[in-house]
Q: 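The structure that follows is given in the form of structure tokens.
What's counted below: heavy atoms across the whole structure, side chains too, no hydrogens, waters or symmetry copies. Every number for a ligand or one of its atoms is a count from 1 in the order of the listing.
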Amino acid sequence: MVSSLICFKILLVEDNLPDVIILKKQFQKLQTLSVKLTHVSTCRDAIFSLQSHDFDVILLDLSLPDSHNLDTVKTIYSHSGDIPILILTGLDDQVTAIASVREGAQDYLVKGQINLDNLQRSIRYAIERKQRLKEINILNKKLSTSNQELENYAYIVSHDLKQPLQTILASSQLILHLEKNLKEQSYQLLEFILASTNQMNKLIDNLLSYAQINKKSIEKEIVCVENIIKNVMKFLNKQIQDSKASINIQMNNNNKPIKVFYNSIQLSQILQNLMSNAIKYIPYDRTPEIQITIEKKEETWLFMVKDNGIGVKPEDQGRIFEMLERVDTDRKYSGSGIGLAICQKIVEINGGKIWVESILNKGSTFFFTIPILAIEN
Ligand code: ADP
């Protein structure tokens, strides 16, 4: 809390002298606030004062000889640093009031409607709010630095892990190839080493891919969704053939191709993960039936990947998008628990949302959105 004994340094930017005199008199009557007032009459002088002095709050009239209305707020805000701005104006206009707050002002006070109490309260609250914002900004900066460090760390570790793993893989393959008289048990152990190393290789690739999502400067372009889906299906061809999966695609855009502004690799990654899961998480006695639907929903493209698989319990539907979370407890299905975390990260950094609706043993529908941009048309 701000102590009541603190002396507030106020910059008053006001060109109307009678208003200045009234304010000065009001401040003299204050009992719980001690005020050191600096008065200037123009935007230019206000900037000069802000550059050379420290203030706790700025009281700003919108109409000055060298600046008017929102321009005044914008100019002073750009020079105010962390100092809260209170608009003090004769103009009782809600639209300007809201616009001023959007431009960075903390409050909008109308002359003639303010009394000593609410002026005092506004000043105190503005200072408190600005202080809290400053703290939140510092915490956000710390958080984003530590996220960045974590991502760099994951990237380096994954990179360094790959090299020894490749050596293990290559050596095991070489032994299998060269040693023709291996005992059955040794042969099985080597096969086991190979399978585990391959699995670890995939896991590291996924970790790398997760860590890189923010790293790569994402180059976006206009991409045709149908082409992306066709390429993903080519990539998943073996999985589709082996499982005899049927895939039905429905694009609801009045017979026009759907184009989105996205990074094509990232869109492929999302669809590949969702489609591959739709084929994978199926009871053994069922053939996968996948329905992909894309349609406009308000300001977004809504993608839906529906399957007839094992489904996800309601209590697990949130956590499957978290890193390394897997919910098939008896481990019948192989996987690393990173695919959906990758999807979520990509969708969210592109301004979309991803979620699932599911009925256990009946199937799931994974939804994700892509904002529609004017340049797509
Ligand atoms: P992985 O498939 O490699 O385990 P994912 O992040 O893609 O990792 O999925 C996380 C978990 O979510 C899976 O382990 C599985 O339990 C569940 N899951 C994902 N997709 C489906 C689906 N289509 N049907 C049922 N469960 C799913």
Q: Identify, by atom number and element, the atoms of ligand 1 in contact range of Ile320, meaning under 4.0 Å from any of its heavy atoms.
A: 10 (C), 11 (C), 12 (O), 17 (C)

Q: Specify the closest pair of heavy atoms between Val347 and Tyr262, including all atoms of both residues, with the distance to one decimal.
A: CA-OH, 3.7 Å

Q: Grab the two heavy atoms, one from Ile193 and one from Ser172, that are nearest each other, plus how far apart they are.
A: CG2-OG, 3.6 Å

Q: Can you tell which of Ile310, Asn308, Asp307 gets a heavy atom nearest to atom 23 (N) of ligand 1?
A: Asp307

Q: Can you list the atoms of ligand 1 that are under 4.0 Å from a heavy atom of Gly339?
A: 5 (P), 6 (O), 7 (O), 8 (O)

Q: In the hydrophobic clustering (ILVMFWY, side-chain contacts below 4.5 Å, transitive), which residues join Met304, or is it alone?
A: Leu302, Trp355, Phe367

Q: Any idea which part of Asn273 is under 4.0 Å from ligand 1, heavy-atom wise: side chain, backbone, both or neither?
A: neither

Q: For Gln163, does the CD atom sit with more than 12 other heavy atoms under 6.0 Å from it, leaving out its own atoms?
A: no

Q: Applying side-chain hydrogen bond (donor to acceptor under 3.5 Å, both in side chains), run through Lys111 and Asn16 and close with a yes or a no.
A: CA-CA 12 Å; Lys111 291 175 190 169; Asn16 186 331; over 6 Å; no

Q: Decide whether the shortest distance between a heavy atom of Gly311 and an atom of ligand 1 is less than 4.0 Å.
A: yes

Q: Would you mind telling me if ligand 1 is within reach of the side chain of Val312, the backbone, both or neither, using heavy atoms under 4.0 Å?
A: side chain

Q: Measure from the side-chain N and O atoms of Asp66 to the backbone N and O of Thr42, and report whether any donor-acceptor pair falls under 3.5 Å.
A: no

Q: Is there a nitrogen or oxygen of Gly337 sitting under 3.5 Å from a nitrogen or oxygen of ligand 1?
A: yes

Q: Are any of the N or O atoms of Phe366 closer than 3.5 Å to those of ligand 1?
A: no

Q: Could you pull out, from Leu340, Leu274, Thr365, the option with a heavy atom nearest to atom 9 (O) of ligand 1?
A: Leu340

